[in-house]
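Have a look at the structure below, then the notes.
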Amino acid sequence: MRNTEPPQTSQRRPPQTARRTNTQLRRNRLITFFTAILVIGPLGNYLVWTSSRRDTGRIEASTNARMLGQALIQFYGEFGEFPCDATISKVHQKRPLHGLSLGTSSSNAYFRQLIAAGIVSSEGLFFANARKANPPDNLMVNNDALCKGECGFAYLLLPDASPDPGVPVPLVMAPAIPGENRFDEKAFRSNTVILYSDGSVRTYPISKSGQVLIHGKDIFDPSQPFWNGKPPDIKWPE
């Protein structure tokens, strides 16, 4: 009788060179995998830390802006105006021995009126951790008060000494880019912190070009209802 079983075929093992190649490929994949973990892990932690830091900076700036708003409203109640050129002499008359330099060149200079008037006793509320900020040292004697970098807020002089309470006016803002009508888009997770003349604090997104739009127009546009048709007078921090 004929053998009807199919002939058995011997399974050949891959050549030794092929086995070494496969082993090397698996080893390379494992090395790539663990290298990615070592690189991506710290990078991910850094990104989380950076994001958290920006959130913390925005929250801190909002808190300080609210306290600064309370101080400005108290100043307004005592002197009839928010800090401006005209109130310098009023502060001198009320507290002639304050010993501070009160100028008009920057937001630092205008905010010193709050210290000279005895309304503010700490530099902390002027701090906004944005561009080249220095932690406040609370040295507020002579020229040490609000030194360069210790104030992070821009200050806007109101177009009217007695603003319409029904139309709150932007008064303090961060993170403004000194010398420009733009904001630092990289700070505060692309948000700005703005204190209004009624004491309210609001946040708005910053575009990639550094603009903040309100009602479809740039916040610094003179046609905004709170500017009365005039460009805002901005005093940037030192």
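Ring geometry for His92 versus His98: interplanar angle under 30°, hence parallel rather than tilted (30 to 60°).
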Could you go through Asn181 and Ile234, starting from their C-alpha distance and side-chain angles, then the distance that decides it, and tell me whether this counts as side chain to side chain contact (heavy atoms under 4.5 Å, CB included)? CA-CA 9 Å; Asn181 289 4; Ile234 310 170; 3.4 Å; yes
Does the pair Phe188 and Ile59 meet the rule for a side chain to side chain contact (heavy atoms under 4.5 Å, CB included), with working shown? CA-CA 9 Å; Phe188 303 165; Ile59 294 171; over 6 Å; no
Evaluate the criterion side chain to side chain contact (heavy atoms under 4.5 Å, CB included) for residue pair Leu157 and Lys235; output intermediate values, then yes/no. CA-CA 8 Å; Leu157 296 175; Lys235 301 300 178 180; 3.9 Å; yes
How far apart are the C-alpha atoms of Asp233 and Leu158, what are their side-chain angles, what is the distance that settles it, and do they pass the side chain to side chain contact (heavy atoms under 4.5 Å, CB included) test? CA-CA 8 Å; Asp233 190 356; Leu158 297 188; over 6 Å; no
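Going from atom NZ of Lys90 over to atom CZ of Phe75 covers 8.5 Å, rounded to the nearest 0.5 Å. One finds the CD atom of Glu123 at 9.5 Å from the SG atom of Cys151 (value rounded to the nearest 0.5 Å). Within the model, atoms SG of Cys84 and CZ of Phe79 stand 11.0 Å from one another, a figure rounded to the nearest 0.5 Å. Here the NE2 atom belonging to His215 is positioned 10.5 Å from the OG atom belonging to Ser223, to the nearest 0.5 angstrom.
The list of salt bridge (Lys or Arg N to Asp or Glu O under 4.0 Å) pairs with a residue in residues 91-102, not counting sequence neighbours, reads Glu78-Lys94. A salt bridge (Lys or Arg N to Asp or Glu O under 4.0 Å) check over residues 192-218, counting only residues at least two apart or in different chains, returns nothing.
Taking both residues in full, the closest heavy atoms of Pro83 and Leu72 are given as CD-CD2, 3.6 Å, listed atom of the first, atom of the second, then distance. What you find for Trp236 and Ala176 is that their closest heavy atoms are CD1-CB, 4.2 Å. Across Phe127 and Glu60, no two heavy atoms sit closer than the pair CE2-OE1, 3.7 Å. The two atoms that bring Gln113 and Val91 nearest to each other are OE1-CG2, 3.9 Å, heavy atoms only. Heavy-atom minimum distance, Leu156 versus Met173: CD1-CE, 3.5 Å. Contact between Asn108 and Pro237 at its shortest, heavy atoms only, is OD1-CA, 3.3 Å.
With Ser197 contributing its side chain and Pro168 its backbone, the two residues share no donor-acceptor pair below 3.5 Å. Asn64 places no side-chain N or O within 3.5 Å of a backbone atom of Phe126 that could act as its donor or acceptor partner. A donor-acceptor contact shorter than 3.5 Å links the side chain of Arg112 to the backbone of Leu146. For the pair Ser121 (side chain) and Gly118 (backbone), a donor-acceptor distance under 3.5 Å is absent. Between the side chain of Asn191 and the backbone N or O of Arg189 there is at least one donor-acceptor pair closer than 3.5 Å. Arg66 places no side-chain N or O within donor-acceptor distance of the main-chain N or O of Gly199, the cut-off being under 3.5 Å. Not a single donor-acceptor pair under 3.5 Å links the side chain of Glu81 to the backbone N or O of Thr87. Thr203 contributes no side-chain N or O that, together with a main-chain N or O of Thr192, makes up a donor-acceptor pair within less than 3.5 Å. Side-chain atoms of Ser200 do not come within 3.5 Å of backbone N or O of Tyr196 as any donor-acceptor pair.
Within the 4.5 Å cutoff, side-chain heavy atoms of Leu100 are placed close to those of Ile115. Put simply, the side chain of Thr63 does not reach to within 4.5 Å of the side chain of Leu125, judged on heavy atoms. Taking the side chain as every heavy atom from C-beta outward, Pro222 and Lys230 never approach each other to under 4.5 Å. A heavy-atom distance below 4.5 Å is found between the side chains of Pro170 and Ile219.
Side-chain heavy atoms closer than 4.5 Å link hydrophobic residues (I, L, V, M, F, W, Y) into clusters, and following such links, even through other members, never connects Ile73 to Phe153. Hydrophobic clustering, with ILVMFWY side chains joined whenever heavy atoms are under 4.5 angstrom apart, groups Val167 together with Ile194.
The residue from Ser106, Ser107, Ser105 that alone fulfils the side-chain hydrogen bond (donor to acceptor under 3.5 Å, both in side chains) condition with Glu238 is Ser106. Just one residue in the list Leu171, Val201, Val172 forms a side chain to side chain contact (heavy atoms under 4.5 Å, CB included) with Leu68, and that residue is Val172.
Centroid-to-centroid, the aromatic rings of Phe111 and Tyr155 come within less than 6.0 Å.
Qualifying ring pair (Phe, Tyr, Trp, His ring centres under 6.0 Å) partners for Phe183, counting only residues two or more places apart in sequence or in other chains: Phe220.
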